[in-house]
Amino acid sequence: MPELPDVEAFRQYLYSTSLHSTVAHVEARDDLVLEDISQEDLRETLVGTELADTARHGKWLLAQTAYGPWLCFHFGMTGELAYFGEATDIPEHTRVLFVFENGMHLAYLCQRRLGRITLTESVEELVRRKELGPDARDISWECFSEVFSGRTAPVKPLLMDQKVIAGLGNILVDEILFRSRLHPERSVHTLGEEQRRDLHDTLGRIVAVLIRARTQGDEVPDNWLLHYRSEGEQCPRCGAQLKRMSINSRATYLCPRCQSQR
DNA sequence: TGAAATGTTGTTGC
DNA sequence: TGCAACAACATTTC
Ligand SMILES: [Zn+2]
């Protein structure tokens with residue numbers, strides 16, 4: 001699940017459940033998800049203090065301790081959060097468990113163990129360390145128009161590159177390109193001003209709708225491509241049979257009729 | 001059984 | 001040096 005809209009939902013979830021409770025205990029059940037830190041580092045930073053604020057940049061969720069340092073979550077392909085009361089309810093695939101003095105628990109789950117947890121002194125430091133581009137939510141035209149300069153890559157891999165724009169994943173980019181009627185292999189340097197502006201507008205609308213869907217429970221419209229990501233499905237706009245191809249080893253769905261521009 | 005699944009990183013070659 | 005492509009990472013399901 002975790003692309004930008006999902007991480008934004010996790011941020012709101014953490015914000016509404018886990019702030020302003022003193023941390024009593026931290027248990028790292030799986031060292032693999034700890035990035036450049038130890039269980040001891042986590043305990044020293046968190047135990048005895050509380051989480052006071054949240055932030056998000058791209059697919060990273062951050063929670064600031066009352067002392068200043070930030071706890072950082074990345075969800076990989078299968079990460080999620082679970083907040084609950086009873087210790088007997090600890091979910092399967094819990095990799096790190098935070099226990100609060102009020103008896104509540106926050107579990108970081110990650111079935112495939114591709115997610116990561118780390119610490120940083122500031123949001124900016126993490127963005128620098130990970131070389132993240134500007135966040136995809138509400139990215140300005142000025143900012144967006146610059147990311148194409150000097151690039152020749154196909155538009156899909158470029159939009160998925162977190163160093164270019166942070167937050168867009170495989171499913172989101174397919175949706176944006178479908179709505180923009182752009183072929184995913186179209187090289188970005190062939191896009192004219194008009195197409196770039198349209199791409200920027202579409203990106204903003206798609207991201208906004210998906211955030212509302214993930215955070216408010218709004219329905220994703222029936223005519224969105226993401227409902228039809230399987231072999232043999234038809235284009236919800238023109239009825240043509242959708243095509244599946246591999247781009248940089250990622251499954252890519254497109255409508256050969258709507259997105260014919262190479 | 002091999003392939004595929006929402007992701008990132010390190011390496012390789014240009 | 002920067003960019004683009006790809007294998008590797010880990011787990012589960014079909
Ligand atoms: Zn179509």
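Below, chains carry the letters A, B, ... as their sequence lines are ordered, and counting in each starts from 1. Just so it is clear, the structure is predicted and the values come from calculations on it, not from any experiment.
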Handout entry: Pair A/E194 + A/R197, salt bridge at N-O below 4.0 Å
Key = no

Practice task
Please state whether the phosphate of B/dT8, meaning OP1 or OP2, lies under 4.0 angstrom from any side-chain nitrogen or oxygen of A/K59.
Solution key: yes

Exercise for the section: Send over the distance from A/D161 CG to C/dG2 C1', rounded to a whole Å. Expected result: 12 Å

Practice task
Rounded off to whole Å, could you give me the CH2-to-P distance for the A/W60 and B/dG7 pair?
Solution key: 14 Å

Problem - Side-chain N or O of A/R129 closer than 4.0 Å to phosphate OP1/OP2 of B/dT8 - result: no

Problem - Distance between P atoms of B/dT6 and C/dA4 (Å, rounded) - result: 23 Å

Practice task
Could you state the atom-to-atom distance from CZ of A/R112 to P of C/dT12 in whole Å?
Solution key: 11 Å

Practice task
Sticking with atom C1', work out how far C/dA7 lies from B/dA3, rounded to a whole angstrom.
Solution key: 16 Å

Handout entry: B/dT11 to C/dA10 separation - P atoms, rounded to the nearest Å
Key = 16 Å

Handout entry: Spacing of the P atoms in C/dT12 and B/dT9 (rounded, Å)
Key = 23 Å

Problem - A/W224 reachable from A/L172 in the ILVMFWY side-chain graph, under 4.5 Å edges - result: yes

Practice task
Indicate whether OP1 or OP2 belonging to B/dT8 is found under 4.0 Å from a side-chain N or O atom of A/Q162.
Solution key: yes

Practice task
Check whether the ring centres of A/F10 and A/F75 lie less than 6.0 Å apart, and answer yes or no.
Solution key: yes

Problem - A/H93 NE2 to C/dA10 P, straight-line distance once rounded to whole Å - result: 16 Å

Problem - Protein-nucleotide distance (A/E131, atom CD; B/dG7, atom C1'), rounded to Å - result: 16 Å

Practice task
Would you kindly give the CE-to-P distance between A/M160 and C/dC6, to the nearest whole Å?
Solution key: 14 Å

Completion exercise
Note: for A/S149 and A/R95 on DNA chain C, the residue whose nearest nucleotide lies more 5' is A/S149

Handout entry: Pair assignment for B/dC14, Watson-Crick or G-U wobble, requiring both distances under 3.5 Å
Key = C/dG2

Exercise for the section: Report the nucleotide, chosen from B/dG7, C/dC3, C/dT11, that has the shortest atom-to-atom distance to any side-chain atom of A/R113. Expected result: C/dT11

Completion exercise
Of the candidates C/dA10, B/dG7, C/dC3, the side chain of A/H74 sits closest to B/dG7

Exercise for the section: Verify the contact: side-chain N or O of A/T78 to OP1 or OP2 of B/dG7, cut-off strictly under 4.0 Å; return yes or no. Expected result: no

Exercise for the section: Return the nearest nucleotide to the side chain of A/R250; candidates are B/dA4, B/dG7, C/dA4. Expected result: B/dG7

Handout entry: Donor-acceptor under 3.5 Å (A/E35 side chain, A/T118 main chain)
Key = no

Practice task
Indicate yes or no: does A/R229 engage A/E233 in a salt bridge with an N to O separation below 4.0 Å.
Solution key: no

Handout entry: Shortest side-chain distance from A/M77, nucleotide among C/dA4, B/dT6, B/dA4
Key = B/dT6

Fill in the blank from the handout: Side-chain atoms of A/L114 come closest, of B/dT6, C/dA4, C/dA10, to C/dA10

Problem - Side-chain donor/acceptor of A/H105 to backbone N/O of A/G103, under 3.5 Å - result: yes

Problem - Distance, rounded to the nearest Å, where A/K130 contributes NZ and B/dT9 contributes C1' - result: 9 Å

Exercise for the section: Indicate, with a heavy-atom threshold strictly under 4.0 Å, whether A/L172 touches base, sugar-phosphate, or nothing. Expected result: nothing

Practice task
Have a look at A/P154 and say if it touches a base, only the backbone sugar-phosphate, or nothing, with a 4.0 Å heavy-atom cut-off.
Solution key: sugar-phosphate

Completion exercise
Taken to the nearest whole Å, CG/A/N248 to P/C/dA7 is 10 Å

